[in-house]
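Each chain gets a letter, A, B and so on, in the order its sequence line appears, and its residues count up from 1.
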There are 2 protein chains.
Amino acid sequence: MNQKPNVYQDLFLNHLSLDCVVFGFHDSQLKVLLLRMKRTKDWALPGGFVKPDETFEVAASRVLKERTGLGDIFLKQFKIFSDPLRSQNNPIVSDLEEEKDKGCIEWFHQRFISVGFYALVDFSKAEPTPDFFSDQCSWKALDEVDALMLDHTQILTKALETLRLQLNYQPIGYNLLPDKFTMPELQKLYETILGKELDRRNFQRRMLSYGILNKLEERKTGGAHKSPFLYEFNLGNYQKALQVGLYGGW
Amino acid sequence: MNQKPNVYQDLFLNHLSLDCVVFGFHDSQLKVLLLRMKRTKDWALPGGFVKPDETFEVAASRVLKERTGLGDIFLKQFKIFSDPLRSQNNPIVSDLEEEKDKGCIEWFHQRFISVGFYALVDFSKAEPTPDFFSDQCSWKALDEVDALMLDHTQILTKALETLRLQLNYQPIGYNLLPDKFTMPELQKLYETILGKELDRRNFQRRMLSYGILNKLEERKTGGAHKSPFLYEFNLGNYQKALQVGLYGGW
DNA sequence: TATCATTGCGTCATACCGACACAATAATAA
DNA sequence: TTATTATTGTGTCGGTATGACGCAATGATA
């Protein structure tokens, strides 16, 4: 979608769309990747459509490759949004009307259901790239996000809610942090996602008990105080925890 | 879909379908509602399509109303299945070919994505009813379920997996048990869903600690041994637990 | 050299959980 | 009528996880 396809109906399947809530972590803040629409300047989630030979997962990967330059992104579908009126009044249409592009307008006038994905990416490695309908693609801290296009605010909210829930039985951080990181950094990530502060000492104890961290000999220097140890994820245990979960529960 | 609509393309949206995994509890067994295809005798999940004015949730409710006679069913979407090849070789088509119904065959030859729902219903109140393509609609215990049509086995497996996960932070039982029930019955439900046995005494302690049960004065008589107390769900707390979750987690 | 926020490591009381003991009960068999 | 037996109600006990907090060590800055 870097170039405007004049042939949506030939390229993509009717009614099907997807939207991605891309999370990144930077400056002790949880950020989301957003697009700004060309004419209306509305902000929107990166999204796209599905080709005849794609699963939704593949389509989402393709879209995120275009928007961030990254491949092999952590991606998870969390909900499907199917309100019959959700895709009405798409600001994209008003952009297109200026160009009198009939076929294209028709495509965007149809009803779309949207599969919501959330993605976790390394902030420093992503290269935000606008699509054809937007003039800007950039990271926004969660508390800077105003009203979004269509039902995208609702999608973002649900994604965050899901992420918070998953935190309880899934490891997180491998996709959001650099390879080596300190315990305070990891804690800050958790605190940002949860939106509340945690006890430093209890966090460390619990985190270490999961067995998904390797403590390194190095320390992170340069900070203005006592230099903390560096950690890395134990990928084997991390992957295992992703599948089995962190707690047995029942 | 009790009658065969000759006008799918006018009634429903292209590419969109849904499948429901309907769970019921009876005879200390977890059962699933299945349909048997008329000609091929393949077993399948109850499913359907989406009308232009429906959300997926509304469409699923409509389908389940037709298959069970029940309204206001506990319903939850858990995953969308979008393999491009998933809806190939639909046995329904071979049924239709006998009738040389061209338009109808075309409809079923298109690629469908399917939103998976799972539903929890009161076994005793449901009235299984086949649709136009099936000659039988009946409950099957989980271990009696053989290979299902298309990717329906995969859908069923994922539904069960989701249900087991949800058990950890959501109350369950209100939709599956009669109004009054005993602690052993509730435990049996948990054991059946989880596929493993639990300690009677620890189960009771944990269950009561949730605060979602009212202990009644009555006992259940007629059993061959000591008569157990009856319980009912405390609906207020139950609903609250559904939203907030059973455990704080982080 | 003193200051001070930050970090590493530890303590303590409490809650919770798994495993298990024992008496009470209700239908059935003797 | 009485003994048997499987089941249920209630409680205990030790181990473990959790929340709240103490204190000394560190490393840049003043």
Side-chain angles (χ1 to χ4, degrees), chain A residues 27-28 167-171 173 177 180-192 194-232 237 241 244-250, chain B residues 27-28 164 167-169 171 173 177-178 180-192 194-232 241 244-250:
Chain A
D27 271 348
S28 298
L167 224 51
N168 287 309
Y169 56 94
Q170 262 193 15
L177 293 174
K180 296 175 181 180
F181 52 91
T182 69
M183 195 59 81
E185 284 167 353
L186 182 58
Q187 179 179 345
K188 199 70 197 171
L189 171 61
Y190 270 74
E191 290 181 335
T192 325
L194 294 169
K196 68 179 174 190
E197 296 189 347
L198 302 171
D199 183 278
R200 192 171 59 86
R201 295 147 286 193
N202 295 335
F203 176 82
Q204 163 145 328
R205 184 177 45 194
R206 183 158 163 184
M207 215 59 213
L208 289 179
S209 77
Y210 290 157
I212 57 171
L213 296 179
N214 293 335
K215 183 174 181 175
L216 304 176
E217 287 310 312
E218 303 172 68
R219 288 164 176 269
K220 171 157 191 165
T221 58
H225 302 287
K226 181 170 183 176
S227 41
F229 280 106
L230 285 170
Y231 291 84
E232 65 181 8
N237 291 352
V244 183
L246 287 175
Y247 275 135
W250 285 97
Chain B
D27 272 346
S28 298
R164 283 177 180 161
L167 224 52
N168 287 311
Y169 56 95
L177 293 175
K180 297 175 180 179
F181 52 90
T182 68
M183 194 58 81
E185 283 167 353
L186 182 58
Q187 179 179 345
K188 198 71 197 171
L189 171 61
Y190 270 73
E191 290 181 335
T192 323
L194 294 169
K196 67 179 172 189
E197 296 189 348
L198 302 171
D199 183 277
R200 190 172 61 84
R201 296 146 287 191
N202 296 336
F203 176 83
Q204 161 145 329
R205 183 177 45 193
R206 183 156 162 185
M207 215 59 214
L208 290 179
S209 77
Y210 291 157
I212 58 173
L213 295 180
N214 293 334
K215 184 173 181 174
L216 304 177
E217 287 310 311
E218 303 173 68
R219 287 163 174 272
K220 171 154 190 168
T221 58
H225 302 288
K226 181 172 183 176
S227 42
F229 280 106
L230 285 170
Y231 291 83
E232 65 182 8
V244 183
L246 287 175
Y247 274 134
W250 284 97

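Using a 4.0 Å cut-off between charged nitrogen and carboxylate oxygen, Glu232(B) and Lys215(B) do not count as a salt-bridge pair. Salt bridge absent: Lys196(A) and Glu191(A) never bring a charged side-chain N and a carboxylate O closer than 4.0 Å.
Atom CG of Asn237(A) is separated from atom CG of Leu213(A) by 9.5 Å, given to the nearest 0.5 angstrom. The CG atom of Leu167(A) sits 9.0 Å away from atom CG of Leu246(A), with the distance rounded to the nearest 0.5 Å. Interatomic distance, Leu216(A) CG to Thr182(A) OG1, rounded to the nearest 0.5 Å: 11.5 Å. The CE atom of Met207(A) sits 11.0 Å away from the OH atom of Tyr231(A) when rounded to the nearest 0.5 Å. Taken from CG in Asp27(B) to NZ in Lys188(B), the straight-line distance is 11.5 Å, to the nearest 0.5 Å.
Put simply, Ser227(B) has no side-chain N or O that comes within less than 4.0 Å of OP1 or OP2 on dT25(C). Taking 4.0 angstrom as the limit, Tyr247(A) places none of its side-chain polar atoms (N or O) nearer than this to OP1 or OP2 of dC17(C).
Here the C1' atom of nucleotide dT25(C) and the CD atom of Glu218(B) are 18 Å apart, to the nearest Å. Remark: P of dT16(D) and OH of Tyr210(A) are 18 Å apart, rounded to the nearest angstrom. Atom CG in Leu198(B) sits roughly 15 Å away from atom P in dC20(C) (whole-Å rounding). Rounding to whole angstrom units, CZ of residue Phe203(B) and C1' of dT8(D) are separated by 14 Å. Straight-line distance from the CZ atom of Arg206(B) to the P atom of dG9(D): 19 Å, rounded to whole Å. One interatomic measurement links the two molecules: CD of Glu197(B) to P of dG18(C), which rounds to 15 Å at whole-angstrom precision. If you measure from atom CG of Leu186(A) to atom P of dG8(C), you get 12 Å, rounded to the nearest angstrom. Atom-to-atom, CD of Gln187(A) to C1' of dG8(C) comes out at 13 Å; the value is rounded to the nearest Å.
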Protein-nucleotides 4-6 of chain D N/O pairs under 3.5 Å:
residue	atom	partner	partner atom	Å
dA6(D)	N3	His225(B)	ND1	3.0

I'd like a list of close polar pairs between nucleotides 10-12 of chain D and the protein, N/O only, cut-off under 3.5 Å.
residue	atom	partner	partner atom	Å
dT10(D)	OP2	Lys215(B)	NZ	3.3

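With sequence neighbours excluded, the residues that form a side chain to side chain donor-acceptor pair (under 3.5 Å) with Arg201(A) are Asp199(A).
The side-chain heavy atoms of Trp250(A) and Phe203(B), taken from C-beta on, include a pair separated by under 4.5 Å.
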